[in-house]
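Data block below; observations after.
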Amino acid sequence: MAVAPVPEALVRDARARTRIRRRVLDWYARTARPLAFRETSDPWAILVSEVMAQQTQAARAAEAWTRFMAAYPTPASLAAASSADVLRAWRGLGYNRRAIALQRAARVIVDEHGGRVPSDLEALQRLPGIGPYSARAVAALAFGRHVGAVDTNVRRVLGRAFFDEPPDAGTLQALADALVPRRQPGLWTHAVMDIGATVCRIRAPHCDACPLRSWCAYAAAPAGSVRVGRLGRATGNVPAFAALSRWLRGRILDRLRDLGDGAWLAFDDVIGLHDTTAVAVALRGLAGEGLVELREGNRSPEARLPTG
DNA sequence: AAGGCGGGGCT
DNA sequence: AGCCCAGCCTT
């Protein structure tokens, strides 16, 4: 078993990187997950897929993506839509703020970039809902830029293979960037994420099937040594009331999705089983994020999906 | 640096 | 019954 190279050596050793790339790309050519959004090269379609995949399993995002792209095939089409319709198209995906942010991004693309998704990394990251990961993913997948997109999969794969303890974000990003091949940045990006999703899983990794096996510190670690598991943010205890707040927001949005366009829903009709204060807090929160509009009704305050 | 934000799949 | 998922934004 080869000793795992320290990341600094790997960044310097072009031959080692070449071997790693070849092994990974060969593996990907045989085993790639058939995700619908991998069939497109349209930057807008790729951007939409990345937003949908944020904290959402890629296979499930792919199903929604196909429907969404049929409705909103261009930035201009999403920019011109009503937010209510966009939220309806987002049903089932969760994190509904993403839908509003995506529409805002489409409007920025139309207003400031001539309706074309920008290829510049900084411009991408300025778009609403596009952070460090998504900007790099779009840059690499849609524009062939040589940037490493570090998501939870890549963090785990590279962390396990090339570090003995969780690296800081800058160190990890530098290694991810250095590993991107000259020729096929998009294929590489998909490939590393697939390793994390199907082989280098957080539990019960399939090291024997891994293209990085011969370089990997994790696979080589003797039994009993410390093994790095999840490399993202530590998960703290989630209070029960937090889950309830999210759940209530979701139920309210689903009620509003089922109403006709522009129809208002009275707070009193939402409350039913729910605590009056909890409903009010949820609606204020939704309004503050642009997910609903509020007005004072006759009996009680009223809410609807945004018509703009 | 920490907390909020969904819904579904997997173990 | 938890834990996790192609993260991002706000405070």
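Chain A is the first sequence line, chain B the second, and so forth, proteins listed ahead of strands; every chain is numbered from 1. In this text, all values refer to a predicted model and were calculated from it rather than measured experimentally. Just the heavy atoms: all of them, side chains too, but no hydrogens, waters or symmetry mates, feed the values below.
- For C:dA6, there is no paired nucleotide, since no Watson-Crick or G-U wobble pair has both relevant distances below 3.5 Å.
- Per the geometry, CG belonging to A:N96 stands 17 Å off P belonging to C:dG7, to the nearest Å.
- Counting any heavy atom pair closer than 4.0 Å across all strands shown, A:S134 reaches sugar-phosphate atoms only and no base atom.
- Counting heavy atoms from C-beta on, the side chains of A:Y72 and A:D85 come closer than 4.5 Å.
- A:W90 has its CH2 atom 14 Å from the P atom of B:dG8, to the nearest Å.
- When side chains are defined from C-beta on, A:L265 does not count as touching A:E302, because their heavy atoms never get closer than 4.5 Å.
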Criterion side-chain contact (heavy atoms from CB on, under 4.5 Å) on A:I130 and A:V138, from CA distance to verdict: CA-CA 10 Å; A:I130 304 298; A:V138 172; 5.6 Å; no

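- Contact annotation: A:R126 side-chain N/O to C:dC8 OP1/OP2 distance is not under 4.0 Å.
- In this model, no donor atom of one side chain and acceptor atom of the other lie less than 3.5 Å apart for A:Y133 and A:Q54.
- Applying the 4.0 Å criterion to OP1 and OP2 of C:dC5, one finds that A:T152 has a side-chain N or O inside that range.
- The CG atom of A:L172 sits 13 Å away from the P atom of C:dG7 (whole-angstrom rounding).
- Below the 3.5 angstrom threshold, one finds no donor paired with an acceptor across the side chain of A:R60 and the base of C:dA6.
- Note on A:I130: only backbone sugar-phosphate atoms sit closer than 4.0 angstrom, heavy atoms only; bases stay farther off.
- The stretch residues 28-36 of chain A comes close to DNA chain C through A:R33, A:L35, each having a heavy atom under 4.0 Å from the strand.
- The main-chain N or O of A:A303 is never found under 3.5 Å from a side-chain atom of A:R295 such that the two would form a donor-acceptor pair.
- In this structure, a donor-acceptor pair under 3.5 Å is absent between the side chains of A:R38 and A:S49.
- Salt bridge absent: A:R136 and A:D151 never bring a charged side-chain N and a carboxylate O closer than 4.0 Å.
- The same atom, C1', is picked in C:dC3 and in B:dG6; the two are 15 Å apart, to the nearest Å.
- When only modelled atom types and interatomic distance are considered, A:R201 and A:N153 share no side-chain donor-acceptor pair under 3.5 Å.
- If you check residues 81-89 of chain A against DNA chain C, you find no residue with a heavy atom closer than 4.0 Å.
- Between B:dG4, C:dA6, B:dG6, one nucleotide has an atom nearer to the side chain of A:D194 than all others, and that is C:dA6.
- As rounded to whole Å, 10 Å separates atom C1' of B:dT11 from atom CZ of A:R201.
- At a cut-off of 3.5 angstrom, counting only N and O atoms as typed in the model, there is no donor on one side facing an acceptor on the other between the side-chain of A:S245 and the base of B:dG4.
- Picking from C:dG7, C:dA6, B:dG6 the nucleotide with the shortest atom distance to the side chain of A:H190 gives C:dA6.
- With both ends at atom P, the span from B:dT11 to C:dA6 equals 13 Å, rounded to whole Å.
- Salt bridge annotation for A:R299-A:D269: present, with a cationic side-chain nitrogen under 4.0 angstrom from a carboxylate oxygen.
- Among the protein residues, A:R91 comes within range of no part of the nucleic acid, since none of its heavy atoms lies under 4.0 Å from any strand.
- Residue order along DNA chain C, read from the 5' end via each residue's closest nucleotide, puts A:G196 first among A:G196 and A:G129.
- Salt bridge status for A:E289 with A:R249: present, with a side-chain N to carboxylate O gap under 4.0 Å.
- Within the structure, every side-chain polar atom (N or O) of A:R98 is placed at least 4.0 Å from both OP1 and OP2 of C:dG7.
- You'll find the side chain of A:N96 stays beyond 4.5 Å of the side chain of A:L286, heavy atoms only.
- Taking atom OH of A:Y95 as the reference point, atom C1' of B:dG6 lies 6 Å away to the nearest angstrom.
- Nearest heavy-atom pair, A:V24 versus A:P211, reported as atom, atom and distance to 0.1 Å: CA-CB, 4.1 Å.
- Between A:Q54 and C:dG7, a side-chain N or O to OP1/OP2 separation shorter than 4.0 Å is absent.
- Distance A:L102 CG to C:dG7 P: 16 Å, rounded to the nearest Å.
- A:R21 and A:D26 are not joined by a salt bridge, as no carboxylate oxygen comes within less than 4.0 angstrom of a charged side-chain nitrogen.
- In the set C:dC8, B:dG6, C:dC3, the nucleotide with an atom closest to the side chain of A:R203 is C:dC3.
- Across the protein-nucleic acid pair, A:Q55 atom CD and B:dG9 atom P stand 16 Å apart, rounded to whole Å.
- Residue contacts shown for A:G131 are limited to sugar-phosphate atoms, with no base heavy atom under 4.0 Å away.
- Between A:E289 atom CD and C:dT10 atom P there is a gap of 10 Å when expressed in whole angstrom units.
- The stretch residues 40-52 of chain A has no heavy atom under 4.0 Å from DNA chain B, so no residue of it qualifies as close.
- Sequence order on DNA chain C of the closest nucleotides to A:Q57 and A:P132 puts A:Q57 first from the 5' end.
- Between A:H190 and A:Y28, the ring planes are parallel. Angles under 30° get that label, and only those over 60° would be called perpendicular.
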